[in-house]
Amino acid sequence: MDVIDLINRKRRHEELSREEISFLVEGYTAGQIPDYQMAAFLMAVCLNEMTDEETIALTFTMRDSGKIMDLSEVPGLKVDKHSTGGVGDKTTISLIPIVSAAGVPCAKLSGRGLGFTGGTIDKLECFPGFRTDLSDEEFVSQVKTIGAAISGQTGDLTPADRKIYALRDTTGTVESIPLIASSIMSKKLASGADRIVLDVKTGAGAFMKTKEDAEKLARTMTALGRLADRQVSCFITDMNEPLGNAVGNVYEVIEAVKMLSGEGPEDYRELVLSLAAEMIFLGGKAANIDEGRRMAQKAVSDGSALEQLCRIVSSQGSDEKYVRNPGLLKTAEKTAVFTAPEAGFIEGIQAELIGRAEEALGGGRATKEDIIDLSVGMMLLKKTGDPVQKGEPLMEIHYNNENKLETALELIRKAYAIGLADPGRKKVILMRPEDFV
Ligand code: URA
């Protein structure tokens, strides 16, 4: 097969066969096809899309490019969850303790943050000594003994996606429905769970800017799961403004722990409890979603989810004292307050700009190699729909370096829109699994 011929055919909107897609992916992963040819192919896909058959071939070739996690030793249905990424998204840290406290085993592989979106693995490393590099044996053994583990994805799982994703990240080829769907689903299928809950984010701070595109992505991923005999449930959720009030690794961990103590912002609680209800139902522990939700609420109110987080944190090398008293976690040295430049209603808080402000403070990485400062971040004191007076505090900024604060402030100023009309509160959940008929 000739790589240039395949690129040309994709450019001319022609459909490639399974063998041709596998040839490209396997050749690139093995280092036989150079970056520039793969980048040209990916750009042709971004512009001309892929047929269903091509997307299936890409997903399954990437899934099979490395090891497939074997969770057969863990009894019961294993349910995984994945978010397409956003700002302030600390969902996993509350969700996994709740779902596993309700009896559904959770073997969660998570990633690090890149660009303006955060990653669960960075957040968990705020617990001093927390290990995110569990071996397969340690990972499975912990799920068997305490019901849950959250670890970083190892290099031998979907190496093709790892290499292609890094190339997409530097060639403007991330935002493509078939490429995102195959990237996410290849990893989820290789992670070994029986059932998968997907949180597809939409809005200014997400890859999918419109609800229509988010729905298309959700339907593509559901179909890919079905072809691999996995049940997939999708939520479409808002990522125009950050989720919850905390943005920044340690502040998000503190907010996630507080949620397990029955506190925390309403949008975050609603999302976590809705995802948990679905996972508990799919895991066969509840007869329906309503019962799943009651079980999730009970795990929070009776303290069992908080105890479960304590177990996860101490089992992975840190100390449960940080869960019982999150005030012990290391936070930034200085605090600045950003105030309202005028009176009115908050019309919007652009998530992407807030994510970039966190990155500017040192809390996010521009390249995979960057070392990040886990102690910096922001607390939103007002959200969309809140009335404000001129000079009223809108946000606390926790920082360590004055120059970085200045850069962050420029982005924060642009992120807020204040108007005279009350826009109402933003709904966090735009579509639930039952809305996909
Ligand atoms: N997350 C992924 O894992 N892959 C993508 O392509 C986009 C988001």
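Note that the numbering runs from 1 along the sequence shown for the chain. Counting starts at 1 for both ligands and their atoms, following the listed order. When reading the values below, keep in mind they use all heavy atoms of this one structure, side chains included, and skip hydrogens, waters and symmetry mates.
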Quick check: does K187 get an N/O under 3.5 Å from an N/O on ligand 1?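 There is such a contact, yes.
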What do you reckon, does R168 have a nitrogen or oxygen under 3.5 Å from a nitrogen or oxygen of ligand 1?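 Indeed, backbone or side chain, R168 has an N or O that close.
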What residue and atom, counting heavy atoms only, is the protein's closest point to atom 5 (C) of ligand 1, and at what distance?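 I find the closest protein heavy atom is Y165 CE1, 3.2 Å.
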According to the interplanar angle, ranging from 0 to 90°, do the rings of H398 and Y251 count as parallel (below 30°), tilted (30 to 60°) or perpendicular (above 60°)?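 Because their plane-to-plane angle is under 30°, the rings of H398 and Y251 count as parallel.
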Is E15 salt-bridged to R9, cutoff N-O under 4.0 Å?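 So E15 does not pair with R9 through a salt bridge.
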Test: K216 and E49 ion pair at under 4.0 Å: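 A salt bridge is present here (some side-chain N lies under 4.0 Å from a carboxylate O).
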Output the list of atoms in ligand 1 that are nearer than 4.0 Å to some heavy atom of S183, sorted by atom number.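 Here the atoms of ligand 1 in question are 2 (C), 3 (O), 4 (N), 5 (C), 6 (O).
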Find all atoms of ligand 1 within a distance of less than 4.0 Å from any non-hydrogen atom belonging to F207, and give their numbers and elements.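 Near F207, the atoms of ligand 1 are 7 (C), 8 (C).
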If I compare all heavy atoms of P326 with all of V257, which pair ends up nearest, and what's the gap?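 That closest heavy-atom pairing would be CG-CG1, 3.9 Å.
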Please state whether I184 comes within less than 4.0 angstrom of ligand 1, counting heavy atoms only.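 Contact present.
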Examine the side chains of R432 and S274 and answer whether a donor and an acceptor come within less than 3.5 Å of each other.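 Present: a donor and an acceptor within the cut-off.
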